[in-house]
Amino acid sequence: MKFSSLKWAINDSMTMAKRNILALVRVPTSLVFAVLQPIMFVLLFRYVFGGGAIQVNIPGGYVNYLIPGILVQTTIFGSVSTAIGLAEDLEKGLIERLRALPIARMAVLTGRTISDLLRNLMILIVITGIGFAVGFRPGGGPLHYVEASAIMLAFAYCLSWGFAYIGLIAPNAEAAQAMTFPLIFPLTFASGIFVQVSSMPSWLQGFAGNQPVTMVTKAVRSLMLGTPVGNTLWVSLAWSIGVLLVLAPLTVAKFRRAT
Amino acid sequence: MTISLYTVSDYAVSCTDIVKTYPKGNVRALDGVSLNVPRGQVFGLLGPNGSGKTTMVRILATILAPTSGLATVNGFDVVKQAKKVRETIGLAGQYATVDPNLTGYENLYMIGRLNHLEKAVVRQRATELLEQFNLTDAGHRSLKTYSGGMRRRLDLAAALVGRPPILFLDEPTTGLDPQSRQDLWGAIEGLVETGVTVLLTTQYLEEADRLAKQLVVLEKGKIIAEGTPAQLKARLGTTVLALTFHSLDDAARGAALIADLSDSPANRDGTVVEITVNSGPRTAAEALRRIDAQQIALDGLALREPSLDDVFLSLTGHKAEDVVVDTAAPRGRKDRS
């Protein structure tokens with residue numbers, strides 16, 4: 001790729017990302033609900049299930065276990081918006097207009113995933129505040145907190161490229177959202193997000209203990225709480241890169257064929 | 001013939017034997033279409049829903065690849081040199097594909113930046129276009145406050161941000177009220193004066209007549225007629241004479257009596273008989289004389305401008321069928337041809 005075409009590819013991606021962010025700010029309803037949902041999860045698990053029904057053995061009790069997990073779950077749910085946004089743009093015919101412009105084809109996908117990353121960052125900041133309000137007291141220090149946030153945002157960003165594929169094949173935005181449920185529910189609930197994997201039936205532990213969401217959650221939780229990270233940090237990053245390397249080419253190929 | 005003055009590359013758009021088939025449902029949306037669009041004028045693609053107009057535009061705009069055939073826009077191959085084609089065209093359509101969440105200005109700015117214009121140039125161009133299309137006051141309002149006509153004007157403005165020499169307008173006035181339609185026609189005429197070539201698809205004979213210098217009539221993916229609007233109308237007759245008889249029996253007898261007054265077959269629908277004629281009043285008088293001489297009772301008589309239906313009836317001997325070939329449309333759209 002020549003330098004000038006790379007420059008324009010970046011310009012196109014940024015223009016698309018800016019447009020998506022503007023739309024997000026103009027129609028804040030979706031952002032409001034994207035924040036409300038994790039708040040519900042925080043309250044539900046902190047006070048309903050976390051009132052004693054769930055026992056964990058870590059300093060600070062269940063709230064310190066829960067919040068890092070909820071943050072991971074929130075960013076994963078946030079990456080679903082890539083599927084919805086793309087399906088909407090296809091439905092409206094906007095992508096059709098873009099196809100008749102001399103833009104870098106990838107810009108539609110990179111612009112969308114970048115704006116969803118920023119959206120996830122906004123939500124993450126809000127939920128962090130909520131976490132502190134309900135008694136979350138991580139001991140890992142601010143630098144580790146930032147590092148942990150970066151790890152989960154990176155994982156969610158890589159997942160976005162996979163959800164983009166669903167956005168391309170779904171007949172409309174509602175269907176796109178529905179199609180992501182069978183993926184994100186097992187991944188986030190059969191994981192170490194809400195309860196310790198050792199409390200699950202043994203047949204589930206093999207999956208729940210080793211799947212990527214659990215690895216990311218472990219890394220994030222250890223960094224935030226200041227406990228030993230072990231290999232979870234590298235395993236999480238490897239998962240992120242692996243997911244991106246496998247799914248992004250599939251999505252790009254589908255985009256070239258489908259639009 | 002002016003056509004002999006041009007060589008092939010002098011045409012703004014040129015295509016040979018374009019075929020587009022969809023394996024799903026075995027649809028042949030375009031079945032060997034060849035046409036040449038001279039520069040600096042409006043070229044009309046006239047046809048009913050499902051005739052292949054939109055498919056043709058989408059192929060020329062590099063959105064869709066043809067199954068076979070060759071098409072060039074501004075001398076560039078739409079398949080092999082798609083990016084070059086995209087740099088020289090503007091596309092606006094029936095479904096104003098502007099972003100409803102942004103303001104008018106923001107829409108133009110976005111399209112301008114995606115046309116790779118510098119920021120300062122885009123700002124100036126966006127302001128200029130808003131003024132040109134009477135949208136200055138609404139320029140910084142959300143599109144949700146825009147009327148259908150305003151959206152369509154903005155859509156056209158968006159297609160012009162990059163100053164393309166060739167413009168594709170896909171049914172630009174479908175669904176608009178008469179005043180908005182007039183406004184848009186005026187805007188299109190203004191563009192052609194500045195040297196822009198316009199390929200226009202339409203379902204309206206009136207629109208093709210007003211704007212197009214040359215036109216082709218498409219039906220079921222094939223060109224069934226071409227020429228200037230005047231030539232087509234001469235073939236068709238300029239007026240429709242509609243006679244309403246008292247009974248079906250009378251209508252049949254009446255139709256036989258006046259059949260030779262028109263070059264094309266009479267259209268009989270119940271007790272109404274319609275023929276297309278070149279000289280309305282004179283033919284009407286002659287028809288009345290003949291019917292009166294046979295003492296057949298008439299309930300009504302009317303002269304009207306021919307509609308697209310009349311064109312089709314005259315060219316094909318049957319009415320334009322509303323075949324909706326949905327495969328050409330973007331997802332989620334049901335009513336696009």
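To find a chain, count down the sequence lines: A is the first, B the second, and so on, and within it residues start at 1.
- With a 4.5 Å cut-off on non-hydrogen atoms, B:Y109 touches chain A through its side chain but not through its backbone.
- Contact of A:R26 with chain B is made through the side chain alone, with heavy-atom distances under 4.5 Å.
- One finds the CG atom of B:N101 at 8.0 Å from the CD atom of A:E88 (value rounded to the nearest 0.5 Å).
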Going through the distances and angles, do A:K18 and B:R113 end up as a side-chain contact (heavy atoms from CB on, under 4.5 Å)? CA-CA 11 Å; A:K18 193 179 154 196; B:R113 288 295 286 159; over 6 Å; no
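- At a 4.5 Å heavy-atom cutoff, A:L24 makes no contact with chain B through either its backbone or its side chain.
- Counting non-hydrogen atoms of other residues, nucleotides and ligands closer than 6.0 Å to CH2 of A:W239 gives a total of 12 or fewer.
- The distance from atom NZ of A:K92 to atom CG of B:D99, rounded to the nearest 0.5 Å, is 4.5 Å.
- For B:A158, the parts lying near chain A are the backbone and the side chain together; criterion is any non-hydrogen pair under 4.5 Å.
- Annotation for A:F33: atom CZ does not count as buried by contact number, only 12 or fewer foreign heavy atoms lying within 6.0 Å.
- Proximity to chain B (any heavy atom under 4.5 Å) is shown, for A:D12, by both the backbone and the side chain.
- Within the 4.5 Å cutoff, side-chain heavy atoms of A:V27 are placed close to those of B:K144.
- For B:P164, no part lies near chain A; criterion is any non-hydrogen pair under 4.5 Å.
- Distance NZ/B:K83 to OG/A:S5: 6.5 Å, rounded to 0.5 Å.
- Residues B:E106 and A:L22 have side chains in contact (heavy-atom distance under 4.5 Å, counting atoms from C-beta outward).
- B:R86 contributes no side-chain N or O that, together with a main-chain N or O of A:A100, makes up a donor-acceptor pair within less than 3.5 Å.
- Rounding to the nearest 0.5 Å gives a distance of 6.0 Å between CG of A:L98 and CD1 of B:I111.
- The parts of B:A159 that come within reach of chain A are both its backbone and its side chain, each placing non-hydrogen atoms under 4.5 angstrom from that chain.
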Between A:R19 and B:N107, does the side-chain contact (heavy atoms from CB on, under 4.5 Å) criterion hold? Intermediate values first, please. CA-CA 9 Å; A:R19 169 256 169 182; B:N107 265 288; over 6 Å; no
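- Judged by distance alone, with hydrogens and angles left aside, the side-chain atoms of A:R97 form a donor-acceptor pair with the main-chain N or O of B:D155 at under 3.5 Å.
- B:E87 and A:P102 make their closest contact through CG-CB, 3.6 Å (heavy atoms, listed as atom of the first residue, atom of the second, distance).
- By number of non-hydrogen pairs under 4.5 angstrom with chain B, the leading residue of A:T15, A:I103, A:L101 is A:L101.
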